[in-house]
Each structure stands twice: as C-alpha cells, then as structure tokens.
Novice: 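Take a look at the following structure, please.
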Amino acid sequence: MDALMANYASGSDDDDDEPAPVTGAAPDPEPQEASAVLPPPPLDLLQPPNFIDYSTLAQGNRVRSFPHVEGIYALHVYIPVVIPFDARKQLTLVMRRAASLVPDLYAVDADYALSELCKDEQKLEKVLLGRDFHVSLGRTVGIQVDQIDSLVAMLRQKFQSQQRYWMDFNKWEHFVNDDSTRSFLSLEVTRTGLPEISKQIHIVDEVYRLHGLPEFYKNPRPHISLVWALGDVSSKLKNATKEIEKFQNSISSSKNCNLRCNFSRVVCKVGKKDYDICKIAD
C-alpha cells in the first residue's frame, strides 16, 4: 500500500514578525478537539470479491526438465484449452473424488495441493479449473536464442490454413514424464479432434526437425493434464482412473464425452514470452 503523505503547515519561527492583534476583532475560535482515530476496517472489507488467500495453500516442488543454460530457452508449442463453465461443476466433483483416491496431488502449473483446494469449492473451481490448460503439439525442449525468430516465422507460415474444429476430451488417463519425476491425471482426446491434432503435431515435428530439435512421441496421445504427483505413481493413478470413470458415470447422464472444447489458437512459448502462431476469428 502506498505510504500516506502528511501535510505540514508552513510558518515562520521569528516571533517578532507576528502581526499585532487588531482591536475589536472577533476572538479566536475555540480550538477544536482532535477527532478520534478510527480503528482499521476489518480485513475482509479490504479484500476484493471472490478473493482467494493463496498464502494458505500448500505447494508442490517441481523438478526442471533440463538444466538452466545461458542463451538456451524452454520452447513449448501447444493449443490453449479453457474449460467451459457448464463443465466445471461436474469436474470439481471428480477432482474431489481424485483427491480421496490419491494423496499428494497438485494442480498443474499452479502447484497448489488438491487436498487443500477441495476444502473450498471457490478455490477448487477458480485455481484448478478457471485457468488455461494446454494440449502439447511438441516436446518441451531447449532452443538457442538465435533460432527463435526462424522457428516462430516458420510455424506461423505453416499454420496459416487452420480451420476451427471440436476436441472431445473423452477419456481419463494417466501419464508419466520422460524422466519419471512426475505423474499426471489427464483427460485424453481419442475420437473427435484427434485427426486434426495429429496433423498439427506433424507440422510442429517438421519445423522442429529443420531446427535440429527432437520430434514428438511416435504415437502421440493428445490430452490436458489437470493434476500431478511427484515421482512415478502409475499404479495408483491407473486404479484411480477406473474409479473416477465409475464415479462419473454414476453422476452424469452423458457417457460420451467428459469435456468438449473448440480449437481456436496455437501458441509458441519461449521462455516467458508467448508468440501467437495462429488464431481463428470468432
């Protein structure tokens, strides 16, 4: 908070310069009693609506995918995904179920403990589900600074003719990263949207290959990851996905799709900077 500034009256220290009293002048008014100092307002009045105190949430510790090297930046090409409001209520129930099945799960990117988020529905919906997720179109790799402009320009040129399409995230699945430092609970695209995403992955592979970068997995499985756990906990997450499917079927009348989103954008993130590769107008 900005410091409060006090106003000081300007005056002379020389008593000889004071004006003589004027005869017949009205007497000086009685000095007013200083107003009482009011107590500070309650903290909840100073907080904006829907305020979330993040300091109370436990966070997980992630391990870097590769060491920091001067002049090398992390590169990630992906499709941003925003979960529609009408799908969030059901997903909050599923996440509560997941937290009861697997301890020590954390929200992807935000890294707050899922068990803590589940104590407050507002926190769970806003912190976990009210943010952008992503479908990776290429590996997260290191890129040299002098390659950035060329790679971004080539991606933009090759993604010029993209069309809008639907993506159905219809299957709960678990994944483990390459070095087995983290496991993920995810929603996978196995039907609608899979052919289109696969073509986009091939485009990114071609650009990566021309820049001497490793291509994506041989049999890509497009997905968004919602929560993660430290280390390889495949067996726990495999059992959890089966229980989650049963639970979701018991609370939902629709068994065809967990989440449906529209493709509209591809982003290339280099370090902390985002480059728009393509953006489909609404």
Side-chain angles (χ1 to χ4, degrees), residues 60 62 65 76-84 87-88 90-111 114-115 117-118 124 128-129 131-140 165-202 204 215-252 254-263:
R62 287 189 284 171
S65 299
H76 186 205
V77 183
Y78 62 92
I79 300 170
V81 174
V82 177
I83 296 178
R88 293 181 188 179
Q90 182 171 315
L91 282 177
T92 57
L93 297 175
V94 174
M95 287 296 98
R96 289 180 188 276
R97 181 62 175 154
S100 70
L101 294 168
V102 183
D104 300 326
L105 289 174
Y106 296 88
V108 166
D109 292 342
D111 298 335
L114 181 61
S115 58
L117 295 175
C118 286
L124 180 60
L128 176 61
L129 304 177
R131 43 170 289 276
D132 281 4
F133 293 87
H134 63 262
V135 175
S136 294
L137 298 179
R139 291 179 185 266
T140 299
Y165 62 86
W166 287 105
M167 301 176 288
D168 284 356
F169 297 88
N170 59 295
K171 181 185 178 186
W172 285 101
E173 191 53 270
H174 69 282
F175 295 91
V176 180
N177 64 358
D178 291 340
D179 49 11
S180 299
T181 57
R182 288 202 294 166
S183 303
F184 300 87
L185 179 61
S186 311
L187 276 170
E188 185 180 0
V189 177
T190 65
R191 295 194 296 262
T192 303
L194 181 58
E196 291 86 351
I197 297 173
S198 298
K199 290 178 183 177
Q200 292 173 330
I201 289 173
H202 290 319
V204 175
E215 298 177 28
F216 208 41
Y217 303 99
K218 186 176 181 181
N219 298 306
R221 298 174 62 184
H223 62 273
I224 59 170
S225 293
L226 284 81
V227 291
W228 64 271
L230 198 60
D232 186 344
V233 293
S234 301
S235 58
K236 290 182 180 179
L237 289 178
K238 183 177 181 180
N239 293 330
T241 54
K242 294 177 181 177
E243 293 299 320
I244 287 172
E245 292 282 4
K246 292 178 184 176
F247 173 74
Q248 190 159 22
N249 288 339
S250 70
I251 63 172
S252 173
S254 174
K255 296 179 173 56
N256 296 322
C257 179
N258 289 309
L259 175 65
R260 166 169 278 205
C261 299
N262 229 322
F263 164 78

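Position 1 is the first residue of the sequence, and the numbers go up from there. What you are looking at is a predicted structure, and each value in this text was computed from that prediction instead of being measured.
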Novice: Would a distance-only check, ignoring hydrogens and angles, find a side-chain to backbone donor-acceptor pair under 3.5 Å from R96 to C118?
Specialist: yes
Novice: Measure the spacing between OG of S100 and CD of E243 and express it to the nearest 0.5 Å.
Specialist: 9.0 Å
Novice: Can you give me the closest heavy-atom contact between V108 and V227, atom names plus distance?
Specialist: CG2-N, 3.6 Å
Novice: Going through the distances and angles, do V135 and V189 end up as a side-chain contact (heavy atoms from CB on, under 4.5 Å)?
Specialist: CA-CA 10 Å; V135 175; V189 177; 5.5 Å; no
Novice: Would you say the side-chain atoms of E188 pair up with the backbone N or O of R221, donor to acceptor, closer than 3.5 Å?
Specialist: no
Novice: Calculate, to the nearest 0.5 Å, the distance between atoms CD1 and OG belonging to I224 and S186 respectively.
Specialist: 8.0 Å
Novice: Checking D104 side chain against A229 main chain: does a donor-acceptor pair fall under 3.5 Å?
Specialist: no
Novice: If you measure from NE2 on H223 to NZ on K171, what distance do you get to the nearest 0.5 Å?
Specialist: 12.5 Å
Novice: Less than 6.0 angstrom separating the ring centers of F175 and F184, yes or no?
Specialist: no
Novice: Any heavy-atom pair between the side chains of C261 and V82 that's under 4.5 Å?
Specialist: no
Novice: Minimum heavy-atom separation for L129 to R88, with atom names?
Specialist: CD1-O, 3.5 Å
Novice: In sequence, state the C-alpha distance, the side-chain angles, and the governing distance for M95 and L185, and then conclude on side-chain contact (heavy atoms from CB on, under 4.5 Å).
Specialist: CA-CA 10 Å; M95 287 296 98; L185 179 61; 4.1 Å; yes
Novice: Which distance, rounded to the nearest 0.5 Å, do you find between the CZ of R97 and the CD of E245?
Specialist: 13.0 Å
Novice: So do the side chains of F216 and S136 get within less than 4.5 Å of each other, counting heavy atoms only?
Specialist: yes
Novice: Has D168 got a side-chain atom pairing as donor or acceptor with T192's backbone, closer than 3.5 angstrom?
Specialist: no
Novice: So, for S250 and F247, which heavy atoms are closest and what is the spacing to 0.1 Å?
Specialist: OG-O, 2.5 Å
Novice: So, does R182 use its side chain to make a donor-acceptor pair with the main chain of N177 at under 3.5 Å?
Specialist: no
Novice: Decide if the gap between the ring center of W228 and the ring center of Y106 is smaller than 6.0 angstrom.
Specialist: yes
Novice: Roughly how far apart are K236 NZ and L101 CG, rounded to 0.5 Å?
Specialist: 11.5 Å
Novice: Could you walk me through whether V81 and F169 pass side-chain contact (heavy atoms from CB on, under 4.5 Å), step by step?
Specialist: CA-CA 11 Å; V81 174; F169 297 88; 4.0 Å; yes
Novice: Apply the test side-chain contact (heavy atoms from CB on, under 4.5 Å) to residues R139 and D178: give CA-CA distance (whole Å), side-chain angles for both, the deciding distance (0.1 Å), then the verdict.
Specialist: CA-CA 10 Å; R139 291 179 185 266; D178 291 340; 2.9 Å; yes
Novice: Taking all non-hydrogen atoms of both residues into account, name the closest pair between D109 and R131 and its distance.
Specialist: OD2-NH2, 2.8 Å
Novice: Find out whether Y78 and L137 are in side-chain contact, i.e. whether some heavy atom of one side chain is under 4.5 Å from a heavy atom of the other.
Specialist: no
Novice: How close do F133 and S225 get, counting heavy atoms only, and between which atoms?
Specialist: CD2-O, 3.4 Å
Novice: Which residue, L128, I83, L124, forms the side chain to side chain contact (heavy atoms under 4.5 Å, CB included) with L91?
Specialist: I83
Novice: Heavy atoms only: give me the nearest M167-I197 pair and the separation to one decimal.
Specialist: SD-CD1, 3.9 Å
Novice: Can you measure from OH (Y165) to NZ (K199) and round to the nearest 0.5 angstrom?
Specialist: 10.5 Å
